[in-house]
Amino acid sequence: MTGRFDPAVADVRWQARWDEARSFVADTASPKPKTYVLEMFPYPSGRIHIGHVRNYTMGDVLARFRRMQGREVLHPMGWDAFGMPAENAAMERKVHPGEWTRRNISTMRDQLKRLGFALDWSRELATCEPDYYGHEQELFLDLYEAGLVYRKESEVNWDPVDCTVLANEQVIDGKGWRSGAPVERRQLAQWFLKITDFAEDLLQGLGELDNWPDKVKLMQENWIGKSRGLQFRFRLAGTPSGADSVEIFTTRPDTIFGASFVAIAPTHPIAEALANRDPALAEFIAECRKGGTSAAEIETAEKLGHRTSIEAIHPLDPNWRLPVYIANFVLMEYGTGAIFGVPAHDQRDFEFASKYGLPIKRVVAASADEAGQPIVGEAESMDGIAVNSQFLDGLTTEQATAEVIRRAEAGGWGAGSTAYRLRDWGVSRQRYWGTPIPIIHCKACGAVAVPRDQLPVVLPEDVTFDQPGNPLDRHDGWRKVSCPSCGGDALRETDTLDTFVDSSWYFMRFASEPADKPFDRDEVEQWLPVDQYIGGVEHAILHLLYARFWTRALNHLGRLSIAEPFKGLFTQGMVTHETYRAGDGSWLSPDEVRREGDDWIHVESGIPVTLGRVEKMSKSKRNTIDPEPIIARYGADAVRWFMLSDSPPERDLEWSEGGIEGASRFVQRVWRLATTDVSAEGVDEALERKLHKTIAAVTEALDGLQFNKAVAQSYELASAIEKARPSATRLNAIRTLVLLVAPAAPHLAEEAWAALGETTMIVDAPWPEFNPALLVEDQVTLAIQVNGKLRDTLSAPRGLDRGAAEALALASEKVQRLLEGNAPRKVIVVPDRLVNIVA
RNA sequence: GCGGACGUGGCGGAACGGUAGACGCUGAGGACUUAAAAUCCUCUUCCCGUAACGGGAGUGUGGGUUCGAUUCCCACCGUCCGCACCA
């Protein structure tokens, strides 16, 4: 057999064969050990992009590799199909979000199939279909009944022109993205999940996730943000009514004698109560509410405060009164929504005190003699020795902290406590294209859960997007229902669930998909936890934390025995590309430019183009590559192979024409080897060793997801085979090479396998074993160093003893020359590796 | 500001504390061919040298530990990422 490998024919042929054989359908009843390989499922945005190709190729190689190793593999695919872009498309193109989404799914499914991924399509799911989200509603009600769901007022971004709620990403420079109107903050009753109940568990659980990147664990740890401190009360004087004390949380109780004011969040109940009697304060609070809810906006605001008429009594000195301010930089969501300000040792407090002329008193110093040093320019926030602090003087920060907590607890005015930065998860979205929240609001009975026999609450399809706002709010046929509890008139909840809820349990549904319930516990536990989860690092916090929470919540309800959903996590790098700019600064796409020598020119005009830096592919920089024409030209295997080559998988991969050409060349090279070998007798011992070393190296590389190393090893073996003389060994090496590349280049491998005379498919072939005895050489190369510098290399039999190695090295002509007749001072011998002569 | 990662040829990148630059890309030269494509071979870190199976330098910078450091430690410089009025 001769000629080139033709992917156009082979890709289709083998994809059909795998389909017929149901090769990738996972069997839960299989006696084989099970492996669950999962890539983060895609949002059906329209077309597959190159980042998807890289992500799914990595998972696919692992899935095929494990399968060849004799494991029963679950490798499913589905669609994270709810979300805002579908509604945007609906408004812009007058197409229903469902139609737009389902069409995208169909396109993208075809594109994925074109790449020959070993996916179990029988388990495909889309979160926008009632047979998925209906079960999600059931799980939501489970959490609701367990007290893990509650409703409270919360702020949203409100577009006053479009009369609609905006997500943070829809707020640009403080203005609505569509209307351009300045965004306001509005209070709205919304549903929350009590993720904070699990803050400690989620934090502790990170410790068991050995196969997660440290980076991601650290990000989650910071996000949960545990800090230890003191929670205590300031008694208040001069309050008009009600509250006679305010709760404070501090991580620095040791600085309590440095307090010069108390500051309360504008949304704190005390602030609101005071505002009722103080119009100036009410105005100040209203001022604080302007602008969006995004972090960037809150961050840039100037620190402002409003002095109230009340005073706080220092807990350690009844005669000491502190002024109480309402301040915009204090957050109701963290701690208790109130702080005491220590200007000397906190930069924010320092700025605030400087602005309002409050005392700045040093209570921490590097040593006791520096108690009198003034604080100049900025706050000193480091630890040290307590000074000017009565009974704390001389104690370290740590000791002083413990002492204040001890006194607070003894005196009954406070206690050591823990605060978390993590907040409860707001899941209400004022949008149509999401999972309906299965709640009915009745004037008489309040919020009532939809009875389970009425699930799923199906999203109505007959809606229009010609007006702003959520179309569910004006769909009376759907919205108006009778109360399940009293039978009176009631309204459905028209908010839908955050799409992160959809992605918090899809991996369970993949493992088990009964029609009558979300999942079967035993089936799920056959597969979960996911052995290897692969996706972008952009999901390091939210998605992964929510999925971990959801799993723990179900565990808490007794619906699952596992606590962590993802045993192994891998975050892959992005695919990048060069950028190009025309003279006027506008971005040019790769197909608009051409290379001429070292320069780039605009194809159409011939004008030189500036080569920009290599960046993440993005529409705005116009440096994207559509995978489809590339696959059509080079075939699935070359594209897959390139996705694994060159860069380590956790780092960015630069897309280049040269890279895909190189991959394509290798595919043809393997094909040539498999189709042109002449059978011959005899053993080629050197090739045999090389072969077994390669099997060992590729196996280890794939186990560690080091695909680039597996690729390099495959190249080396191919070169060694090409150089070897015909022999039985060579024929076997070719056959093994085909097995080794099969996970990455499966179509080529099947075609080559058949060409080698095999009658079964390579997907069902076992992974090659290596003989450990062949990994060690009889002859080794000894590095000969003089004073740590390489001076010679000598071939020697393996296992040479130290004395013999030393003698060999000293006999070297070069060593003799460098020693100039002197005896070496010392000789270091590393057996079978090197001899270092210290002259 | 806090936290983290990274820094190696023209480029992407390899190197259990032990021969730095595997493998790929690019480039140069050659073979095959009427020619081209494809393929194959040789060379490709830098400097000195006609060349050597010569010498020297070299893994961001400066120190340290070690017989020996790309690898471990300290400081600095740079790049990237994450987080942040968090009390």
Side-chain angles (χ1 to χ4, degrees), chain A residues 4 213-216 218-223 225-227 229-231 248-253 255 263 265 295-296 298-303 327-331 333-342 345-349 351-352 378 381 419-423 537-538 540-541 576 598 613-614 641-642 645-648 650-654 656-663 665-666 668-669 672 706 708-719 722-723 781-794 814 824-830 832-839:
Chain A
R4 292 174 63 77
D214 290 338
K215 178 174 70 166
V216 173
L218 190 68
M219 282 163 77
Q220 293 219 348
E221 192 180 316
N222 292 338
W223 187 261
K226 180 179 182 173
S227 48
L230 170 69
Q231 185 162 333
I248 300 276
F249 176 74
T250 177
T251 54
R252 291 292 301 270
T255 62
I298 295 170
E299 190 181 323
T300 48
E302 189 191 356
K303 285 167 193 50
N328 66 345
F329 67 90
V330 181
L331 308 175
E333 292 81 7
Y334 185 75
T336 59
I339 62 160
F340 69 86
V342 183
H345 306 291
D346 181 287
Q347 185 57 25
R348 264 175 344 203
D349 298 347
E351 285 171 35
F352 192 82
E378 58 179 11
S381 56
Y420 297 90
R421 205 186 72 96
L422 184 69
R423 300 179 205 168
V537 73
E538 66 273 17
I541 298 176
T576 59
D598 286 340
R613 37 189 286 177
V614 173
W641 191 261
F642 175 46
S645 312
D646 294 353
S647 289
E650 67 278 10
R651 283 205 224 164
D652 290 353
L653 171 71
E654 187 187 343
S656 71
E657 199 67 21
I660 180 72
E661 291 278 356
R665 220 169 303 167
F666 180 70
Q668 295 298 341
R669 224 169 130 197
R672 262 195 316 278
Q706 297 170 310
N708 56 323
K709 291 191 194 170
V711 165
Q713 289 293 333
S714 305
Y715 282 130
E716 278 198 46
L717 179 60
S719 296
E722 280 165 352
K723 289 186 176 77
T781 305
L782 286 181
I784 309 302
Q785 297 181 336
V786 176
N787 293 332
K789 278 197 161 295
L790 181 73
R791 294 299 175 182
D792 202 359
T793 56
L794 299 173
K814 287 177 193 157
R825 286 201 292 146
K826 191 175 176 184
V827 178
I828 313 274
V829 178
V830 182
D832 295 335
R833 290 208 86 116
L834 65 70
V835 180
N836 186 17
I837 294 153
V838 185

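Each chain gets a letter, A, B and so on, in the order the sequences are listed, and its residues count up from 1.
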Inter-nucleotide [atom1] distance ([N], [M]), Å rounded:
| N | M | atom1 | answer |
| --- | --- | --- | --- |
| rA15(B) | rG49(B) | P | 36 Å |
| rG62(B) | rG9(B) | P | 15 Å |
| rC23(B) | rU8(B) | C1' | 15 Å |
| rC6(B) | rA87(B) | P | 28 Å |

Could you tell me how the ring of Tyr334(A) sits relative to the ring of Phe249(A): parallel (under 30°), tilted (30 to 60°) or perpendicular (over 60°)?
perpendicular
Give [X] one of three labels, base, sugar-phosphate or nothing, depending on what nucleic acid heavy atoms sit under 4.0 Å from its own.
| X | result |
| --- | --- |
| Leu834(A) | base |
| Thr251(A) | sugar-phosphate |
| Tyr715(A) | sugar-phosphate |

Return the pairing partner of rC53(B) with a 3.5 Å limit on both distances, Watson-Crick or G-U wobble; otherwise return none.
none
With a 4.5 Å limit on heavy-atom distance, are the side chains of Thr250(A) and Val342(A) in contact?
no
If only side-chain N and O atoms of Lys826(A) are considered, is one of them under 4.0 Å from the OP1 or OP2 phosphate oxygen of rC67(B)?
yes
Between Arg651(A) and rG12(B), is there a contact of a side-chain N or O with OP1 or OP2 at under 4.0 Å?
no
Test item: side-chain donor near acceptor, Arg651(A) and Thr576(A), under 3.5 Å
no
